[in-house]
Trainee: 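The structure follows.
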2 protein chains.
Amino acid sequence: MAKKVKTNKRQVILEEAAKLFKAKGFGGTSMRDLGSQVGMEAASMYNHISSKDDILESICFHVSNTYISQLNEIEQLPVSYVDKLKALIRLHIRLMIEDGAAVSVANNDWKYLSEVKLQQFKEARKTYEKGFAALIEQGITAGEFQPMNVSVALFTILSAVRWVELWYRPGRGITAEELEENIMTILLNGLAK
Amino acid sequence: MAKKVKTNKRQVILEEAAKLFKAKGFGGTSMRDLGSQVGMEAASMYNHISSKDDILESICFHVSNTYISQLNEIEQLPVSYVDKLKALIRLHIRLMIEDGAAVSVANNDWKYLSEVKLQQFKEARKTYEKGFAALIEQGITAGEFQPMNVSVALFTILSAVRWVELWYRPGRGITAEELEENIMTILLNGLAK
DNA sequence: GCCACATAAACAAACGTTTGTTAGTCATCT
DNA sequence: AGATGACTAACAAACGTTTGTTTATGTGGC
């Protein structure tokens, strides 16, 4: 039996859409824009996707699923809470670098999801945040972290990692590893001497 | 002589627009949406504003002007670099709390500014970031901060403060002061014990 | 002959904005 | 005091575009 050589057009559409949504926003990107980027007429894309919303959903849930499954793996590692936190921060930076466009869309354009999917997405995010927060809380209890408001810590970390999407480019004179090292130093040890 | 009782309708439009843009994005907010929020027909608003872009520009540049002028004041305070940085972080959190909608628009919807204004805005932002970075750099030179990549520190701080716009609500069980204290502790001293 | 995929053409809906008009307010002149 | 004219601010209706999507048709490979 021959291998399927099909270049998945749907995947191409999703990838180009992520780039355009990141650059111009969901509302700012028309199906005709997207079509010309993909290399076909807007109408033709409807052979591969069912709607513009369908595209947004696929991107957003692909990202949220990735985060959640990775969190589950990290939770079960037999290491200190400091190391778990480091792994999580690294995960965020890696995903931002490897799949920046999609992550950006999931970060910024999720609010344009349709009613039903919007609720699902918010729930997924809450699940992830709860798991992340629990990890911080346990780290504090174990005496590895300073006592502090867990929500504040959680969101500070999540946000501190976001700018990478806007800033990082391979030719910036800093490698992904250096970037991770720098950010983790600030978050774990602070700026002050 | 009687007092001028004029409620500045333009200001009302700008404020309601900021709220709607924050909630639904610039592209996702129609002039009819905005009109019904303000309490007049879309067409009537054109007696007070010259275009939808005009609204976006006013909001964005109001915010960027505020940041830049405040930075200038802080730069000239006769205090340590640690204290200057603290003042800047406090400034960001305060503006986020007091004028969250406008700040949110300037953070997220600036990219929809028209060609010319977009360039101006980017320049203003770069000016601000340069001043902020210089302050960090001097702090490192003075031995008050750990040696580190200045850009990484800058953007980590700027981002770490952004989530407040999404999260903070007066009834969260945490005051603005506690919030500032917590965030500054993480950024300056880190999470680790 | 059929299936997968591409297209052009058309669709209704929604968009930002312009137009023409009206009602009210105020200072000025008689 | 009353008339005049300029100004402000509101409105309904319509404009030309652009939007996401559908329909009908065509085409190349199995």
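Model, not experiment: these values are computed from the prediction. All chains are named by letter (A, B, ...) in the order of the sequence lines, taking the proteins before the strands, and each is independently numbered beginning at 1.
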Trainee: To the nearest Å, give me how far apart CD1 (Ile49(A)) and C1' (dC5(C)) are.
Mentor: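 Taking atom C1' of dC5(C) as the reference, CD1 of Ile49(A) is at 14 Å.
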Trainee: Taking the minimum atom-to-atom distance to the side chain of Ser44(B), which one of dT22(D), dG16(C), dA10(D) wins?
Mentor: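 Nucleotide nearest to Ser44(B)'s side chain: dA10(D).
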Trainee: Any side-chain N or O of Lys9(A) less than 4.0 Å from the OP1 or OP2 oxygen of dA6(C)?
Mentor: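 So the side chain of Lys9(A) is within the cut-off, an N or O lying under 4.0 Å from OP1 or OP2 of dA6(C).
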Trainee: Confirm from the modelled atom types if Asn47(B) and dA10(D) form a donor-acceptor pair under 3.5 Å, side chain to base only.
Mentor: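 Result: at least one qualifying N/O pair found.
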Trainee: Could you work out which one of dC11(D), dT22(D), dG16(C) sits closest to the side chain of Ser30(B)?
Mentor: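 Per side-chain heavy atoms of Ser30(B), the pick is dG16(C).
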Trainee: Base, sugar-phosphate, or nothing for Ser50(B), non-hydrogen atoms under 4.0 angstrom?
Mentor: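 If one applies the 4.0 Å heavy-atom cut-off, Ser50(B) turns out to touch nothing in the nucleic acid.
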Trainee: Between dT19(C), dT7(C), dG20(D), which nucleotide has the shortest distance from any of its atoms to the side chain of Ala43(B)?
Mentor: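 Nearest nucleotide to the side chain: dT19(C).
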Trainee: If you only use heavy atoms from C-beta on, which nucleotide in dC5(C), dT17(C), dC15(C) is closest to the side chain of His48(A)?
Mentor: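 The answer is dC5(C).
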Trainee: Would you kindly give the NZ-to-C1' distance between Lys24(B) and dC15(C), to the nearest whole Å?
Mentor: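 It works out to 13 Å between those atoms.
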Trainee: Starting at OH of Tyr46(A) and ending at P of dA6(C), how long is that distance when rounded to a whole Å?
Mentor: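 So the two atoms are 15 Å apart, to the nearest Å.
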Trainee: Once you round it to whole Å, what is the distance between P of dG20(D) and CD1 of Ile13(A)?
Mentor: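 Atom CD1 in Ile13(A) sits about 14 Å away from atom P in dG20(D).
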Trainee: Please report, rounded to the nearest Å, how far the P atom of dC15(C) is from the CG atom of Leu34(B).
Mentor: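 Computing the Leu34(B):CG to dC15(C):P distance gives 12 Å.
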Trainee: Starting from P on dA10(D), measure out to CE on Met31(B) and report it in whole angstrom.
Mentor: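 The answer, rounded to whole Å, is 13 Å.
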Trainee: Test your reading of the model: is there a side-chain donor-acceptor pair from Glu144(B) to the backbone of Gly139(B), 3.5 Å cut-off?
Mentor: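 The answer is no, because no donor-acceptor pair under 3.5 Å joins these two groups.
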Trainee: Salt bridge check, Arg94(B) against Glu180(B): does any charged N sit closer than 4.0 Å to a carboxylate O?
Mentor: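 Arg94(B) and Glu180(B): salt-bridged.
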Trainee: Measuring centre to centre across the rings, with the benzene-like ring taken for any Trp, is His62(A) within less than 6.0 Å of Phe121(A)?
Mentor: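 No - the distance between ring centres of His62(A) and Phe121(A) does not fall below the 6.0 Å cut-off.
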Trainee: Can you check salt bridge (Lys or Arg N to Asp or Glu O under 4.0 Å) on Lys126(B) and Glu123(B), steps first, answer last?
Mentor: CA-CA 5 Å; Lys126(B) 188 170 275 180; Glu123(B) 219 162 287; over 6 Å; no
Trainee: Tell me the interatomic distance from Lys52(A), atom NZ, to dA13(C), atom P, rounded to whole angstroms.
Mentor: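 Going from NZ in Lys52(A) over to P in dA13(C) covers 19 Å.
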Trainee: Strictly below 4.0 Å, N to O, side chains only: are Lys24(A) and Asp33(A) in salt-bridge contact?
Mentor: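 Yes, this pair counts.
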Trainee: What is the distance, to the nearest angstrom, from the CD atom on Glu41(B) to the C1' atom on dA14(D)?
Mentor: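 About 14 Å, once rounded to whole Å.
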Trainee: Between Met40(B) and Arg32(B), who's closer to the 5' end of DNA chain D by nearest nucleotide?
Mentor: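 The answer here is Met40(B).
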